[in-house]
Amino acid sequence: MDREQPVGVIDSGVGGMSVLRWLQEKMPHEHFIFIGDTARTPYGDRPREEIIRFVGEMTAFLERRHIKQLVVACNTITVLGTDIIRDGHDFDVIGMGKGALMIRGVTKNNRVGFMATDFTVSTGAHKAEIERVDPGVKVFGQGCPKLVPLIEAEKFGTPEMKAAVREYADMLKTHDVDTVLLSCTHYPFLQKDIEEAFGGGVTVLDPAAMTVGHAYEVLEEKHLLNPAGDGRADVCFTADLERARRLAAHMLDMGRCDFHLIDLKK
Ligand code: DGL
């Protein structure tokens with residue numbers, strides 16, 4: 001491994017760009033190769049074996065581009081587990097943080113919600129991790145299957161989107177949570193709407209910056225931080241390049257990105 005090698009970043013679709021923006025800010029000299037599998041998003045209502053197969057195609061693509069680290073900018077993939085994602089490759093795998101430490105000092109009533117895909121909620125990984133770190137905290141997961149398709153379809157500000165956000169926020173409100181984690185990387189696209197739907201008194205947290213801090217520390221420890229690269233990102237999608245580029249403009253510094261339509265087999 002050497003410092004000049006790129007860092008790979010993967011998601012099922014456009015959501016992972018909400019993590020890529022923090023990566024570019026924290027590590028301004030790294031070369032990132034982002035893949036959003038827009039041809040097959042969402043992953044969150046697919047069977048586990050199918051998700052594993054799709055992830056294997058993305059990691060093989062990135063292995064051929066000689067990445068030094070993989071940031072999994074997707075909770076649905078992260079909960080498969082690091083060993084399954086790494087699958088014998090020799091780069092480090094950094095998954096999305098579950099936010100167990102972020103909620104400390106934020107929740108006052110020790111009732112915390114998280115919004116995620118149905119797949120992520122069904123694994124119980126977030127609930128188990130947060131309750132293990134802080135046994136006094138009660139955690140409530142809310143599957144939000146309508147949100148990823150609406151975000152991918154650019155339905156921002158529509159009555160349909162507002163109703164979906166309200167539906168899920170209302171479900172979590174019945175548990176009297178005062179802190180909510182965005183445990184799907186697509187949801188920061190809706191951070192304002194989600195905050196509005198909860199109203200004052202509920203703090204909405206995005207674990208992306210913390211996850212990026214972890215990725216940075218691992219590279220630093222291994223002396224693999226690039227001190228002098230040009231900091232550009234190759235932002236790659238498996239379908240609908242123009243739509244994905246419009247969505248990228250919500251999140252990224254477009255002047256530092258080169259967009260590509262890719263075939264994962266090449
Ligand atoms: N962005 C992904 C996540 O963090 C999932 C979206 C999907 O369902 O594919 O979970």
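Both ligands and their constituent atoms are indexed starting at 1 by order of listing. Throughout, numbering of the chain's residues begins at 1 and tracks the sequence.
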Looking only at heavy atoms of C74, does any of them come nearer than 4.0 Å to an atom of ligand 1?
-> yes
Modelled atom types, side-chain donor and acceptor of N226 and H31, under 3.5 Å = no
Evaluate whether atom NZ of K155 has more than 12 neighbouring non-hydrogen atoms of other residues, nucleotides or ligands under 6.0 angstrom away.
-> no
Y43 neighbourhood, listing ligand 1 atoms whose heavy-atom distance to it stays under 4.0 Å = 7 (C), 8 (O), 9 (O)
Atom indices of ligand 1 within 4.0 angstrom of V148 heavy atoms, with elements = 6 (C)
Salt bridge or not for D234 and R65, using N-O below 4.0 Å?
-> no
The closest protein heavy-atom partner of atom 1 (N) of ligand 1 is H186 ND1, 2.7 Å
Could you check atom 8 (O) of ligand 1 against the protein and tell me its nearest heavy-atom contact, residue, atom and distance included?
-> G44 N, 2.8 Å
Counting heavy atoms only, name the option from L147, T120, N75 that's nearest to atom 3 (C) of ligand 1.
-> N75
Consider only side-chain N and O atoms of S12 and D37, and report whether a donor and an acceptor are under 3.5 Å apart.
-> no
Hey, what do you get for CZ (R40) to CE (M58), rounding to the nearest 0.5 Å?
-> 7.0 Å
Taking NZ, NE, NH1 and NH2 as the nitrogens, is one of them in R245 or E242 under 4.0 Å from a carboxylate oxygen of the other?
-> yes
Answer yes or no for S12: is there a heavy-atom contact with ligand 1 below 4.0 Å?
-> yes
Any donor-acceptor N/O pair, K146 side chain to Y168 backbone, under 3.5 Å = no
T76 neighbourhood, listing ligand 1 atoms whose heavy-atom distance to it stays under 4.0 Å | 3 (C), 5 (C), 10 (O)
Considering the heavy atoms of D11, write down every atom of ligand 1 situated less than 4.0 Å from one of them.
-> 1 (N), 2 (C)
